[in-house]
Participant: 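Let me give you the structure first, and then I'll get to my questions.
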Amino acid sequence: MFSAALFCQILLATAAFAIPSSKDSLAARIARRNAGLTHQSHPNQLVESPFPAEVTEVDAATNGTTAKVSYSGNWAGAVLSAKNATYKTVTGTFVVPHPKEPSGATGRHSAAAWVGIDGASCGKAILQTGLDITVNGSDVNYYAWYEWFPAPWTDFTGITFKAGDTVIVSVTATSKTSGKATVTNKSTGKSVSHTFTGQPDLCEEDAEWIVEDFSSGGKLVPFADFGKVEFTDATVTTLAGKTVGPAGATLVDLVHNKTVLTKASTGARSVTVSYVG
Ligand SMILES: *[C@@H]1O[C@H](CO)[C@@H](O)[C@H](O)[C@H]1NC(C)=O
Ligand SMILES: *[C@@H]1O[C@H](CO)[C@@H](O)[C@H](O)[C@H]1NC(C)=O
Ligand SMILES: *[C@@H]1O[C@H](CO)[C@@H](O)[C@H](O)[C@H]1NC(C)=O
Ligand SMILES: *[C@@H]1O[C@H](CO)[C@@H](O)[C@H](O)[C@H]1NC(C)=O
Ligand SMILES: *[C@@H]1O[C@H](CO)[C@@H](O)[C@H](O)[C@H]1NC(C)=O
């Protein structure tokens, strides 16, 4: 299928790549940001609940049943888990937030918002894509990236974002060892994607919508007050071809030093993660 709109997008994408100065400056900004360090999203690192009793939340996605809440040192969001290979495509749309330094803190703080497959109940590999969000005083930056854990992430060089843009993130496992990551500026329709082949085996048993405290140079980055990330059109398509929302997902809240920093909730087709630290 070849539409006029698609043709326009290709022309626009070609035009964007034809302007070396804008591409160089993004590549240069990425190099400065990375400062020789690898950036990496990791599997969910569960931590003990800071509460004496099990916590449950009303799961709006399942019409009033309860969702289990778990606690993590690096993830916040919602995870759907199956007992065998089940998930093929995970998608979500969110408005790029304007992060702040947490109250009482200054300097560089970050978070990453992404969708992915595996890394919760099955942690050998993760297929994922998203944006990292960084604040340092008045300086705010966003970069789009893709990762197939255990490799670190790679920045996309063809797309930039600013607060208020609407971004669509999506991963598809075309097999246990291959797949595709796509990031789209919904407002312009401009997208970048990466195709993976010959990667470590996925289980295809977890589908997730996450805000993470990721690692830079092997250490957790100081976690930003990211405000709120609301994944709308949060869907997962199964290997059997059925598309569902996050109903039945386990909620995950991020805990540092026994302090709960996030609050996650789900709706029929949404996952909302708010900073509450
Ligand atoms: C949700 O619950 C209400 C009240 O029990 C019921 O009337 C409605 O049919 C339910 N909807 C779904 C989708 O299960
Ligand atoms: C996978 O597990 C689900 C339940 O979690 C079950 O319904 C389904 O039949 C299983 N599929 C296979 C291929 O074992
Ligand atoms: C954060 O901003 C301050 C002030 O502009 C600067 O000195 C510092 O190097 C920045 N930190 C990082 C990690 O970029
Ligand atoms: C994304 O698209 C919107 C709408 O066209 C545009 O305003 C915005 O600048 C785009 N984002 C970037 C960083 O180019
Ligand atoms: C926990 O507290 C210790 C001591 O104050 C601090 O060094 C460490 O960075 C904190 N850990 C996190 C993940 O915030």
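Bear in mind the structure is a predicted one, so any value in this text is a computation, not a measurement. Note that the numbering runs from 1 along the sequence shown for the chain. One-based numbering, in listed order, for ligands and for the atoms of each.
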Participant: Taking the six-membered ring where the residue is Trp, are the ring centres of F161 and Y143 under 6.0 Å apart?
Facilitator: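 Centroid separation for F161 and Y143: 6.0 Å or greater.
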
Participant: May I have all residue pairs that pass salt bridge (Lys or Arg N to Asp or Glu O under 4.0 Å) and include part of residues 254-267, sequence neighbours excluded?
Facilitator: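 Counting only pairs at least two positions apart or across chains, the salt bridge (Lys or Arg N to Asp or Glu O under 4.0 Å) contacts touching residues 254-267 are E57-K263.
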
Participant: Output yes when R33 and D132 qualify as a salt bridge under the 4.0 Å nitrogen-oxygen rule, no when they do not.
Facilitator: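 Judged by the 4.0 Å cut-off on N to carboxylate O distance, R33 and D132 do form a salt bridge.
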
Participant: May I have all residue pairs that pass ring-ring contact (aromatic ring centres under 6.0 Å, His included) and include part of residues 78-113, sequence neighbours excluded?
Facilitator: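 The answer is F94-F231.
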
Participant: Show me, by chain and number, every protein residue that has a heavy-atom distance under 4.0 Å to ligand 3.
Facilitator: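 Ligand 3 pocket, heavy atoms under 4.0 Å: R108, N136.
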
Participant: Are the side chains of L131 and V167 in contact, using a 4.5 Å heavy-atom criterion?
Facilitator: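 Side-chain contact under 4.5 Å: yes.
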
Participant: Could you name each residue pair satisfying disulfide (SG to SG under 2.5 Å) that touches residues 235-277, not counting sequence neighbours?
Facilitator: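 Applying disulfide (SG to SG under 2.5 Å) to every pair that reaches into residues 235-277, excluding sequence neighbours, yields nothing.
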
